[in-house]
Structure formats: C-alpha cells, structure tokens
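One structure below.
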Amino acid sequence: MDIFSELNEAQKSAVLHTEGPVLILAGAGSGKTRTIVSRMAYLMKEKGVVPWHILAVTFTNKAAKEMKERIGELMEGNADGIWVSTFHSACLRILFRHAGLLGYPDNFEIADAADQKALLKEVYKDMSVDPKRYPEKMTAREISRAKDELMSPENFAEASKGDFSLEMVAEIYRAYQASLKRNASMDFDDLIMNTVRLFQEYPDVLDHWQERFQYILVDEYQDTNTAQFTLLKLLASKYKNLCVVGDDDQSIYRFRGANIYNILDFEKYYPGAKVVRLEENYRSTGNILSAANAVISKNRLRKTKTLWTSKAAGDRISFRQLDSPMGEASFIADDIKSKVSCKEAEYGDFAVLVRTNIQTKEIEDAFRINHISYDVVKGLRFWDTKVIKDLTSYLLTVAGSANDVRTVRIINLPRRGIGPSTVEKLLHFAREYGISLLEACGDKGRPIPISSNTRSKVRSFYDLIVKIRKETEGFPFSSILEKIIDETDYMNYLLQEAESKEKYEEMRQYIDKLKETLDSYEAETDNPDIVDFMRQNGLEGNALDKNSEDGTEKNRVLIMTMHNAKGLEFPYVYMAGAEEGLFPGYSAISMEDPMEMEEERRLCYVAITRAKKKLTISCARQRMVRGELKYASTSRFMKEIPANLLDTIERPQRATRYERKLSPERESAHEAFIEKPLAFSKEFQQLKKGGQIGGRKPDYEEGDSVQHFKFGQGKVLSIKAGERDYEVTVDFETVGVRKMFAGFAKLKKI
DNA sequence: GAAGGCGGTCTTTTT
DNA sequence: GACCGCCTTC
C-alpha cells in the first residue's frame with residue numbers, strides 16, 4: 001500500500017518531517033491516527049529505521065490497540081518489535097527491568113484505586129487522623145496531584161510549610177508511600193514518577209533507553225501531566241526525535257493533572273520544532289463544524305486553528321428545551337424512535353452524551369419504556385468491580401502472594417465472624433513479629449491476644465487457604481478459581497448480597513469473563529504466573545465491553561459521559577443537559593477561574609465534534625439537585641452557537657409531557673421497567689433460599705474425548721469425586737494434562 | 001466483638 | 001439518591 005496515496009498536504013508534511021521535534025496540531029476528525037501510523041510506516045519503510053527504535057505512546061489501551069492494528073496492516077506484519085503502549089504500561093515494562101535500583105522487588109505489584117483506598121484507611125488509623133477533617137478522597141487527590149507534579153513527600157512537606165493541614169497531608173503522603181513499599185506495590189502515579197526518578201538517578205539506564213527509543217511518538221499530547229512531560233523530555237533529550245500529536249482544544253483532563261501548557265508551549269521547550277496544523281475535518285457536516293468553531297473561539301487560551309470541510313452544510317443543529325429531565329429523556333427517546341422507524345437510521349447510529357453520570361438514569365428509564373436497546377458506557381472498570389477484586393484477592397492469596405491489603409479484604413468474606421477489631425489485633429501482632437497478616441492467622445505458637453472462639457475462626461480461615469492451595473496444585477488458574485468459589489460458597493454469598501436478580505446475573509457474567517481471561521492468558525503464556533497476570537491486567541481499561549467482543553447485539557444506542565466520548569464518532573449525537581450549573585458545571589461557574597470555564601468549553605467542543613451528521617442539544621427547565629427542585633437557564637455554550645445554525649423549538653410541542661409522565665398509566669408503565677426491589681421478586685427470594693446447586697455427575701467417562709471452550713480437545717484420564725464436585729483430569733492436545741472441576745469446566749463430550 | 005440498621009453527608013470528569 | 005460512619009442489638 002502506498003503510504004501517501006490517502007494523505008492531504010498537511011498530513012504529508014507531518015509524515016515527511018522525521019528528524020527533530022514535531023508538533024502536529026490535529027483538530028477533531030482530521031485524520032490524526034492515519035497520519036501517525038503513516039509516519040511510523042514511512043520511518044521504517046523509507047528511512048530504514050528498525051521497529052526496535054520506535055516508541056509510540058498513548059493514554060488508553062484502546063488507542064494503543066487500534067494503532068497497533070493499523071500499523072500492522074500497513075506494514076503487513078513487519079512492525080513487530082515496535083513499542084506501542086500506554087504511558088503506564090511502557091513505564092511498567094521499563095521499571096520491571098530495574099526495580100531493584102529503586103528498592104523494589106522484581107515481582108512488585110500494582111495498587112489500584114481500591115488498594116489505594118484501603119492503604120490510606122490503614123494510614124489514617126495508624127496516625128489517628130480524623131477523616132472528617134481530612135476527607136480521604138481529598139487526600140488521595142492531593143497525593144495523586146503531587147505525584148503528577150513529581151513531588152516527593154519531602155518536596156510536598158517543604159512546599160506546605162506553614163499550612164497546618166497541608167503539612168498533615170504531607171505526613172499522610174509519606175506514610176502512604178511507606179505502606180505501599182511495605183506491600184511491594186506501586187500505584188498508577190508511581191509508575192510514571194518512579195520511571196522519571198530512575199532516569200534521573202541512573203544516567204546509564206537513561207542512556208540505554210534513549211538509544212533504544214530514537215524515535216518517539218505521543219498521541220493525545222494535550223493530556224500529558226508534568227510527570228509524563230518530564231519523562232518524554234528525558235527520553236528525547238539525546239536524539240530529539242519527538243513527535244507529539246494533539247489538540248489543545250480537546251484538553252479536558254485538567255482535574256487529572258493534565259497541563260495544557262505542555263502543548264501550548266511545545267515550541268518553547270523544543271526550540272526549532274516543526275509545527276503542522278491538520279485543519280481539514282473528514283467527519284462532520286459544515287454546520288456542526290461552524291458551531292464547534294464558534295464555541296471554541298470564545299476561549300482565550302489556545303492555538304488558533306479553524307476546522308473546515310468540503311462537505312455540505314447539512315442539517316441545522318436542533319435545540320429543544322423541555323420541562324424536566326424526564327421530559328428531556330422522553331424527547332430523546334421519541335426522536336430516536338421516529339428516526340429509526342422511518343428507516344433513516346438504526347440504534348447503533350446514536351449516542352447520547354451527558355456531563356455527569358447521574359443524568360443517565362432518566363434517559364435509561366425512557367429507553368426502557370420505549371423498548372430502545374441501549375448500553376451505558378460506564379466508568380466502572382472490570383478490574384475494579386467488587387466481585388473481581390474479591391476473587392482475584394483469593395487467587396493471589398492462594399498463590400502465596402502475601403499482601404495484607406488483600407488478606408484484610410477476604411478474611412471476613414463471606415462473613416465468618418472475624419470483625420474489624422480482630423483484624424486490628426492480628427495486624428498489630430503481624431507487625432510486631434514482622435510477618436504477614438496471613439501468616440499471623442496461621443500462627444499456632446505465639447500468643448495472639450484474642451479469645452479462643454475467635455482464634456479458631458481465624459485458624460480455619462488460614463486452613464481454608466492452605467487447603468485450597470494444596471488441593472489445586474498444578475491446576476489451571478480458572479480451576480483454582482472454581483475451587484475457591486466452591487469452598488467459600490461464594491456464589492451463595494453473592495446471591496444473598498445482591499439486591500436484584502439482574503445484579504446477580506451481572507456479577508456471574510463478570511466471573512465468567514474472569515475465567516475466560518485466565519484461560520486465554522494461560523493458553524498464550526509460556527510461564528503463566530498469577531502475579532504477572534494481575535500486573536498485565538491491572539492496567540487494562542474497560543474490559544466491560546458487553547457488545548463488542550463476543551457480543552450478540554451491537555446495534556444499541558450508547559449513553560456516555562462527554563469525557564468517555566472523546567475519540568469516538570457517531571452519525572447522530574444528543575447533547576443532554578445543556579443547562580447552566582450542569583454544563584458548565586456549578587463549580588466552574590462559582591470558582592470564577594477562567595481556566596475552569598475554558599476547560600468546560602473545550603468539553604463542549606469535544607461533544608459537538610463527535611457528531612457526523614446531526615447534532616441535537618437539549619436541556620430541562622428544572623432538575624432535581626440534592627433532592628431539591630432547581631430551575632436552570634440554558635447553557636451559555638448554547639448561546640455561543642450562532643442562531644442561523646440552530647433550529648430551535650421554543651416551547652416543547654407537547655407541554656403535557658411532564659404531566660403525561662406523572663399520569664397513573666404512565667407511572668405504572670414506568671414502574672414496570674424500573675428494577676424491582678427484592679421484596680417484589682418472589683422468584684429471586686426463592687433463589688436466595690435455595691442457594692447454589694452442587695456438582696452433578698458429568699455425562700462423560702474416563703477415556704472419553706471432550707471439548708473445552710478454551711483448551712480445545714482432550715481425553716479424560718480420570719474422574720474423582722471431590723468433596724463438593726467431581727475432579728476431572730484431562731489430557732489436552734494443546735496444553736497437556738490439566739485438572740479441573742466438572743461443575744465449572746463445562747466439558748462437552750464429543 | 002460482630003452484624004445490621006439508622007442517620008448524616010455530599011455529589012464532575014478517571015488513564 | 002448513594003455512600004459512609006456511628007450506634008444499637010444480639
């Protein structure tokens with residue numbers, strides 16, 4: 001394939017300028033990815049740069065994956081060895097080789113959001129900090145911000161001298177870092193900060209990686225924080241071949257530490273940098289682009305650029321003000337339905353963008369009432385789910401990876417009568433003797449100051465872990481997981497905890513997904529190791545993509561936040577909740593910080609430019625805020641769109657919508673679709689009482705050939721009756737002899 | 001000492 | 001409306 005055949009002039013010059021620093025200012029929908037990928041291909045094909053010397057960094061796994069695929073296509077598979085990864089996983093791979101230099105063991109782990117919270121709680125307890133005076137959330141944010149800014153606890157303490165509460169935060173930060181280290185863990189921010197530290201403290205290590213990565217490409221550069229900026233600066237300082245791609249107008253992660261000046265002042269930091277502007281938009285109609293340009297032009301802090309298109313003006317932008325969020329939601333639902341029923345579009349063509357997650361509720365309700373299939377793109381990530389955290393904690397503990405955070409998590413889960421005060425005592429004991437919490441649980445000889453009754457409970461927890469460990473030696477991870485679920489009666493616990501059948505089913509699906517992931521990992525990896533597995537996956541983003549992978553239905557309306565929509569495009573886009581106080585948000589208005597307001601405006605720009613064909617903006621006159629009905633005026637961003645681009649309908653056609661929603665029939669129809677509380681679902685109650693079914697005798701025998709969904713075909717060597725389930729040993733053609741539990745393995749006789 | 005219920009608090013966005 | 005900590009009960 002010819003690299004240049006599909007590129008415009010600006011894109012071509014971005015590709016051809018291979019040496020020295022380059023800033024590609026890529027407007028929304030301007031063929032950014034195509035340009036980067038072509039540039040990499042050009043480097044390899046024409047300039048003879050070996051893949052080994054190229055590093056491409058992105059923010060999301062999704063972007064990395066897409067880039068990898070496209071470069072693979074363009075290079076016909078000759079691009080192996082090129083590093084295309086997120087900041088975090090690139091740092092992980094680097095740190096992995098030099099962990100010892102920083103005083104970490106080689107098998108260090110990654111502490112995710114939940115681990116951080118647990119650790120912070122411990123620190124609060126140890127230091128007797130009042131969480132009311134220092135809310136954990138705020139402290140966590142300050143610590144994260146400090147790391148983004150490459151501030152060590154010492155720097156932080158220095159900078160906060162004189163401010164009593166900040167000094168306290170500095171103390172907490174210091175203790176938090178200590179307990180991370182004690183647990184041989186790094187949190188997400190540490191991955192970047194420690195890599196920078198590594199490079200700064202060990203010039204020879206830095207030199208090695210500079211030689212390795214002679215050409216560096218960075219995607220979404222406007223989202224980099226100080227730590228990432230410094231990391232790139234260090235890596236690129238030898239060869240100076242740093243090519244960054246980004247759009248200052250799409251910088252929407254300030255709250256996460258992103259520093260817009262990194263891109264605005266690129267030429268200052270990299271003198272002589274070549275700047276290329278990609279302004280031709282291939283995505284949206286003329287009217288949509290004009291609206292986007294008009295809104296963003298109100299920002300002062302930006303590098304001017306104007307998107308243009310050769311496309312027609314297209315439809316005008318619809319704007320509708322409704323009375324309530326319910327009215328707004330049913331307007332959107334009706335609108336989508338009418339477009340679908342006249343075959344103008346199908347469900348998969350639509351996206352509803354909201355500012356905050358709370359807004360999705362009414363929209364979901366309206367979609368359910370109207371039988372519109374939809375999906376909410378949730379912020380919640382698979383690996384942060386409670387079920388997954390629970391089970392992986394067990395898995396790691398069984399595997400012998402002692403970590404107190406995990407032990408605390410599972411020691412009383414399901415309930416086995418070991419409460420907080422016992423855990424507290426055990427922890428103290430463990431510290432005193434320099435052993436892990438788990439070891440403390442199994443300690444017979446030493447006098448843990450707890451009652452004999454509790455002691456036996458603690459003891460049996462320890463025995464349980466040891467038992468599972470012994471009985472599953474050499475089993476595939478998914479089978480160990482099954483054994484854990486079985487021995488702890490975990491499914492029954494979930495059933496009792498679940499507030500609805502749907503929630504329970506959802507959690508069961510998560511478990512299936514975990515098993516699947518474990519099996520694929522094991523089938524693909526030479527020396528499968530559960531700690532390695534967790535490290536790999538802890539950095540993986542939303543694995544909760546219900547409809548993309550094995551999904552049956554892809555044709556759904558997507559509901560998501562504007563942040564989540566970045567990088568995506570849809571023929572029809574609804575921007576819901578265009579009200580002062582919601583969008584722009586209350587804090588942006590009250591803080592009177594122009595930076596905040598400009599960030600909100602950029603978010604608006606991102607939202608508008610997601611639309612290819614038609615943009616519909618809506619808002620409600622009143623909305624419930626903290627239980628109170630509040631009146632809201634139309635968003636200022638709406639007023640920034642020139643009137644001639646708008647198709648405004650002043651009053652809702654049917655002002656009765658709000659009442660209609662409240663009418664008795666409507667109300668009952670509505671209720672039928674709202675998730676039923678437990679008490680109403682007899683079936684679910686019954687399910688709870690019944691508990692889980694144990695293992696049934698399999699329908700295959702020794703010597704039979706069977707099919708496993710991941711490991712393929714195999715021959716049954718033996719079937720043994722275990723305590724609760726049948727233990728089957730199978731010789732697979734692909735992976736050899738494996739033991740597994742019949743009830744879970746779902747082996748099919750062939 | 002553990003478990004469950006009650007009342008007070010706080011709402012942006014998350015790799 | 002959801003979450004968390006505190007308080008009461010067993």
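Note that this is a predicted model, so its numbers are computed, not measured.
By the side-chain hydrogen bond (donor to acceptor under 3.5 Å, both in side chains) test, A:Ser165 pairs with A:Asp163, sequence neighbours left out.
Contacts of A:Thr454 with the nucleic acid, taken as non-hydrogen atoms under 4.0 Å apart, are absent. Counting non-hydrogen atoms under 4.0 angstrom, A:Lys117 reaches the backbone sugars and phosphates but no base. Contacts of A:Arg415 with the nucleic acid, taken as non-hydrogen atoms under 4.0 Å apart, involve only primed sugar atoms and P, OP1 or OP2. Across all strands, A:Phe255 comes closer than 4.0 Å to base atoms (heavy-atom distances). In this structure, A:Ile358 reaches neither bases nor backbone, as no heavy-atom distance under 4.0 Å exists between it and the strands shown. Looking at heavy-atom distances under 4.0 Å, A:Glu220 makes no contact with the nucleic acid at all. Looking at heavy-atom distances under 4.0 Å, A:Thr561 makes contact with sugar-phosphate atoms alone, never a base. Residue A:Lys566 is classed as having no contact, given no heavy-atom separation below 4.0 Å to the nucleic acid. Contact annotation for A:Gly417: backbone-only contact, meaning every heavy-atom pair under 4.0 Å involves sugar-phosphate atoms and none involves a base. Within the nucleic acid shown, A:Pro420 comes within 4.0 Å of sugar-phosphate atoms alone, with no base atom in reach, counting heavy atoms only.
Note that A:Arg368 lies outside the cation-pi zone of A:Tyr374, set by a 6.0 Å cut-off to the ring centre and a 45° limit from the axis.
A distance-only check finds no donor-acceptor pair linking the side chain of A:Arg610 to the backbone of A:Lys566 [under 3.5 Å]. Of the possible donor and acceptor atoms, none in the side chain of A:Arg415 sits under 3.5 Å from a partner among the backbone N and O of A:Tyr493. When atom types are taken as modelled, the side chain of A:Glu640 and the backbone of A:Lys298 share no donor-acceptor pair closer than 3.5 angstrom.
Comparing C:dC4 with B:dT13, their P atoms sit 15 Å apart, to the nearest whole Å.
A salt bridge (Lys or Arg N to Asp or Glu O under 4.0 Å) with A:Arg302 holds for exactly one of A:Asp248, A:Asp249, A:Asp247; it is A:Asp249.
Closest approach of A:Tyr104 to A:Ser185, counting heavy atoms only: CE2-O, 3.6 Å.
With hydrogens and angles left out, the side chain of A:Arg355 and the base of B:dT13 share a donor-acceptor pair within 3.5 Å.
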Tabulate protein N/O versus nucleotide N/O from nucleotides 6-10 of chain C, keeping only pairs under 3.5 Å, one per line.
none

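Taking atom NE2 on A:His563 and atom C1' on B:dT14, their separation rounds to 9 Å, with Å as the unit.
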